[in-house]
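What follows is one structure encoded as structure tokens, with my remarks underneath.
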Amino acid sequence: MSAAPHEIERILFTEEQIDTRIRAVAATINTDFAGRELRLVGVLKGSVFFLTALARCIRVPLRIDFLAISRFTGQRGAPGVVRLAKDLDDSIEGEHVLLVEDIIDTGFTTRYLLQNLAARGPASLGICTLLDRTPRRIVHVPVNYRCFEIPDRFVVGCGLDYKQLYRNLGYIAALKPE
């Protein structure tokens, strides 16, 4: 998709910027996990594009698994209850685990996932995110690796969607406010 859809206000990060940043983050991960095996745990569906690009740049022995979550909200815009819709396929006990997110926003979902994964006894547990929307953070979560910080805007591309559309954009863009 080369032309910007009509709902897009502007491109925040180009494909080249994203690729460069993912390679830099992966290089840091390679250094930090040298001599160890690593398990990437992606959060479906949004993290798939980022996780795939990141995994291709990681040079340490690597395994990949996925979680999926469902949210139930009582009111529009209010934080809701999160539950696992798809659990990991394998145990992470004693493993070095990186939770891979497309975006961290308020921190509620990420905190829930960290607590859930920590209870499974990994040797280490960290977070790697493509986007960090810190202006909306309510709950502190320790982000170990981030590609970009973004303003409080609704964004699409590289796995992030609007009504299940735009995940396949190679760039990250802000949608028009309307």
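What you see below is based on every heavy atom in this structure, not just the backbone, and it leaves out hydrogens, waters and symmetry mates.
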Sub-4.5 Å side-chain heavy-atom contact between [X] and [Y]:
X	Y	result
L113	L84	yes
C147	I18	no
F49	D102	no
E15	C158	no
Y145	D32	yes

*Carboxylate-amine/guanidinium contact R120 D87, below 4.0 Å*: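 Yes, charged N to carboxylate O under 4.0 Å.
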
Determine the minimum heavy-atom distance between [X] and [Y], stating which atoms define it.
X	Y	value
A55	L40	CB-CD1, 4.1 Å
A123	G94	CB-O, 3.4 Å
E9	P177	OE2-CD, 3.6 Å

Spacing of [X] atom [atom1] and [Y] atom [atom2] [to the nearest 0.5 Å]:
X	Y	atom1	atom2	value
I150	F13	CD1	CZ	7.0 Å
R137	D132	CZ	CG	4.0 Å
F148	L130	CZ	CG	7.0 Å
L88	N116	CG	CG	8.0 Å
L117	I92	CG	CD1	4.5 Å
E101	L99	CD	CG	5.0 Å

_With a sphere of 6.0 Å drawn around CZ of R63, does it hold more than 12 non-hydrogen atoms of other residues, nucleotides or ligands?_
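No, because the 6.0 Å sphere around CZ of R63 holds 12 heavy atoms or fewer from other groups.
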
_Whether over 12 other heavy atoms sit under 6.0 Å from Q164 CD_ =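 Correct, the count exceeds 12.
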
*Qualifying residue for side-chain contact (heavy atoms from CB on, under 4.5 Å) with T129, from I104, V100, V25*: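 For T129, the side-chain contact (heavy atoms from CB on, under 4.5 Å) test succeeds with only one of I104, V100, V25, which is I104.
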
_P122: which of V41, L98, V97 passes side-chain contact (heavy atoms from CB on, under 4.5 Å)_ = V97

_Using the side-chain hydrogen bond (donor to acceptor under 3.5 Å, both in side chains) criterion, which residues pair with R136? Sequence neighbours excluded._
D105

*asked:* Under a 3.5 Å distance rule, please check whether R133 uses its side chain to pair with a backbone N or O of R153 as donor and acceptor.
replied: yes

*S124 and its side chain to side chain donor-acceptor pair (under 3.5 Å) partner, picked from E95, R36, H96*: H96

_side-chain contact (heavy atoms from CB on, under 4.5 Å) partners of V60, counting only residues at least two apart_ = N30, F33, L38, I58

_Determine whether L160 and F50 satisfy the following criterion, side chain to side chain contact (heavy atoms under 4.5 Å, CB included), listing intermediate values before the conclusion._
CA-CA 10 Å; L160 292 116; F50 173 49; over 6 Å; no

*Are F108 and L131 linked, directly or through other ILVMFWY residues, by side chains that come within less than 4.5 angstrom of each other?*
no

